[in-house]
Every structure is written in C-alpha cells, then in structure tokens.
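In this chain, numbering begins with 1 at the start of the sequence shown.
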Amino acid sequence: MFDFLKPDLQIASYQQLDVGMLQRSGIELLICDIDNTLAVHDEKLPGANVSEFVRKVQAANLKFCLISNNREERVRQYGEALGVRAYAFALKPMKHTYRKILKDFQVDAHQCACLGDQLLTDGLGAKRMKMLMILSQPLSEKDIIYTRINRHAERWILKQFEKR
C-alpha cells in the first residue's frame with residue numbers, strides 16, 4: 001500500500017552512514033536534511049561530529065549539500081559554518097528544490113542519496129525524485145507541531161513495513 005514510501009536504508013544516526021556503500025552504489029551527491037537529522041531543531045551551528053561527518057563524505061569524493069524546510073537565515077548560517085551549499089525553505093516533499101540541486105550540482109537523480117529523519121517530507125521528496133532514500137532516527141523527540149502530527153502517520157506506515 002505504501003511501498004513507494006519505503007526507505008531504501010534505515011539507520012539510527014547520520015554517524016552510522018556507510019559512505020563507502022554510497023560510493024559503490026554510484027552515488028555522487030548526498031543531500032542531507034538539517035533539523036533532527038544533523039542537529040536538534042534550530043541548533044544554530046554544527047557541532048564537531050557534524051563537521052567530521054561532512055569531511056568524511058567529501059573525503060570519499062562525494063558532493064554534499066543541505067536541504068531544509070526551515071527559514072533562510074538559519075539554513076544559510078548552518079551551511080556557511082560547514083562550507084557547503086544549503087537550500088532553505090525547500091517545501092519538501094515538493095520537487096522544485098530537488099530539481100534546482102540536480103541542476104546546480106550537474107547530477108542525475110539516480111546519482112543522489114537523501115538523508116533525513118522524516119518519512120513524509122524527506123522520504124517522500126526523495127522517492128518522488130527517484131533518489132536513494134536513507135531514513136535516520138530523529139535526534140530529538142522535540143518537534144514543531146506539524147512534524148508531531150506527521151510522526152504519528154510515519155510510525156504507523158513504518159509498522160506496516162515491519163509486518164511484512
């Protein structure tokens with residue numbers, strides 16, 4: 001029923017991502033959500049672990065960018081601190097920002113992986129674009145109101161996958 005939403009990979013945290021597996025799979029660009037994937041919601045700057053993760057991805061000759069539905073100033077500051085491109089107010093799961101990323105990085109969708117913590121925004125956006133979707137556990141239980149609503153639906157959908 002919801003097979004189109006099934007993540008290609010599920011991990012506990014961005015720190016567990018096997019960058020070598022991405023390389024071997026032909027991935028050239030990792031598109032990464034910020035809030036509750038790399039940082040708790042509205043954490044202003046990336047910590048040392050996030051910076052190390054981005055360096056690891058780039059050391060593997062993968063391109064890296066950030067995508068977020070959050071506001072411009074917050075996303076820009078976070079991206080600048082990491083020295084990477086950051087796309088704010090992305091309206092995930094809409095396709096517009098994903099298309100812009102593909103154009104900016106000159107890659108095809110099948111060469112991209114998306115890492116995020118929300119099935120109905122990050123996951124659906126990646127799946128609609130036919131990108132590899134990696135779902136991580138949220139870093140915090142604290143969410144803004146509309147995300148809390150989505151989490152209930154996400155938990156139900158993920159349980160349906162587990163039953164199979």
Side-chain angles (χ1 to χ4, degrees), residues 2-70 74-75 78-79 81-87 90 92-93 98 101 105 107 109-144 147-148 150-164:
F2 294 101
D3 286 343
F4 67 97
L5 275 176
K6 188 172 184 179
D8 297 298
L9 178 65
Q10 288 184 260
I11 57 177
S13 163
Y14 69 91
Q15 293 173 310
Q16 291 186 335
L17 183 61
D18 182 350
V19 177
M21 178 274 301
L22 294 180
Q23 280 183 307
R24 291 186 299 277
S25 299
I27 299 300
E28 294 184 19
L29 171 65
L30 177 61
I31 303 169
C32 192
D33 174 55
I34 300 173
D35 292 315
N36 245 346
T37 300
L38 296 179
V40 293
H41 190 74
D42 283 332
E43 184 177 33
K44 292 194 185 293
L45 296 172
N49 287 342
V50 174
S51 297
E52 181 181 319
F53 171 70
V54 173
R55 283 193 300 273
K56 179 177 145 184
V57 170
Q58 292 172 330
N61 292 318
L62 297 176
K63 299 170 187 170
F64 182 91
C65 73
L66 299 169
I67 189 170
S68 178
N69 284 346
N70 210 324
R74 184 265 192 284
V75 175
Y78 204 87
L82 290 169
V84 299
R85 283 189 183 177
Y87 297 82
K92 297 178 286 180
Y98 292 100
I101 291 170
F105 283 89
V107 293
H110 71 274
Q111 297 171 305
C112 300
C114 295
L115 172 62
D117 69 298
Q118 289 188 62
L119 189 61
L120 297 178
T121 56
D122 306 309
L124 183 55
K127 288 296 193 173
R128 291 183 75 215
M129 293 297 297
K130 308 218 181 322
M131 297 175 175
L132 183 80
M133 195 297 145
I134 305 164
L135 184 67
S136 69
Q137 293 295 313
L139 293 178
S140 171
E141 293 295 317
K142 183 181 174 194
D143 279 315
I144 56 179
T147 302
R148 277 186 270 170
N150 280 350
R151 296 267 188 226
H152 290 291
E154 289 174 359
R155 280 193 288 274
W156 185 84
I157 293 167
L158 290 170
K159 282 182 184 176
Q160 302 313 304
F161 294 141
E162 290 173 10
K163 288 180 181 179
R164 294 178 187 183

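A distance of 8.5 Å separates CD1 in I11 from CG in L135, rounded to the nearest 0.5 Å. Between the CG atom in L38 and the CD atom in E43 there is a gap of 9.5 Å [rounded to 0.5 Å]. Here the CD1 atom belonging to I34 is positioned 10.5 Å from the CG atom belonging to D122, to the nearest 0.5 angstrom. Rounded to the nearest 0.5 Å, atoms CE (M133) and NZ (K6) are 13.5 Å apart. Taking SG of C112 as the reference point, atom CE of M129 lies at 8.0 Å (rounded to 0.5 Å). Between the NZ atom of K44 and the CZ atom of R74 there is a distance of 8.5 Å, given to the nearest 0.5 Å.
Smallest separation of non-hydrogen atoms from D8 and M131: OD2-O, 3.8 Å. L66 and G79 make their closest contact through CD1-CA, 3.7 Å (heavy atoms, listed as atom of the first residue, atom of the second, distance). When every heavy atom of Y98 is checked against every heavy atom of A126, the shortest pair comes out as OH-N, 3.9 Å.
Counting only heavy atoms from C-beta outward, the side chains of I134 and P7 never approach each other to under 4.5 Å. Residues C65 and I31 have side chains in contact (heavy-atom distance under 4.5 Å, counting atoms from C-beta outward). Counting heavy atoms from C-beta on, the side chains of Y78 and N70 never come closer than 4.5 Å.
Contacts classified as ring-ring contact (aromatic ring centres under 6.0 Å, His included) and involving residues 6-36 (residues at least two apart or in different chains) are given here: Y14-F53. Pairs engaging residues 53-65 under the salt bridge (charged side-chain N to carboxylate O under 4.0 Å, His left out) rule: none recorded [sequence neighbours left out].
Q15 is linked by a side-chain contact (heavy atoms from CB on, under 4.5 Å) to S13, N49, counting only residues two or more places apart in sequence or in another chain. For T37, the side chain to side chain donor-acceptor pair (under 3.5 Å) criterion is met by D33, D117, not counting sequence neighbours.
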Give every donor-acceptor pair under 3.5 Å between a side-chain atom in residues 21-30 and any protein atom, sequence neighbours left out.
{"unit_1": "Q23", "atom_1": "NE2", "unit_2": "A60", "atom_2": "O", "d": "2.5"}
{"unit_1": "R24", "atom_1": "NH1", "unit_2": "G20", "atom_2": "O", "d": "3.2"}
{"unit_1": "S25", "atom_1": "OG", "unit_2": "M21", "atom_2": "O", "d": "2.8"}
{"unit_1": "E28", "atom_1": "OE2", "unit_2": "Q111", "atom_2": "NE2", "d": "2.9"}

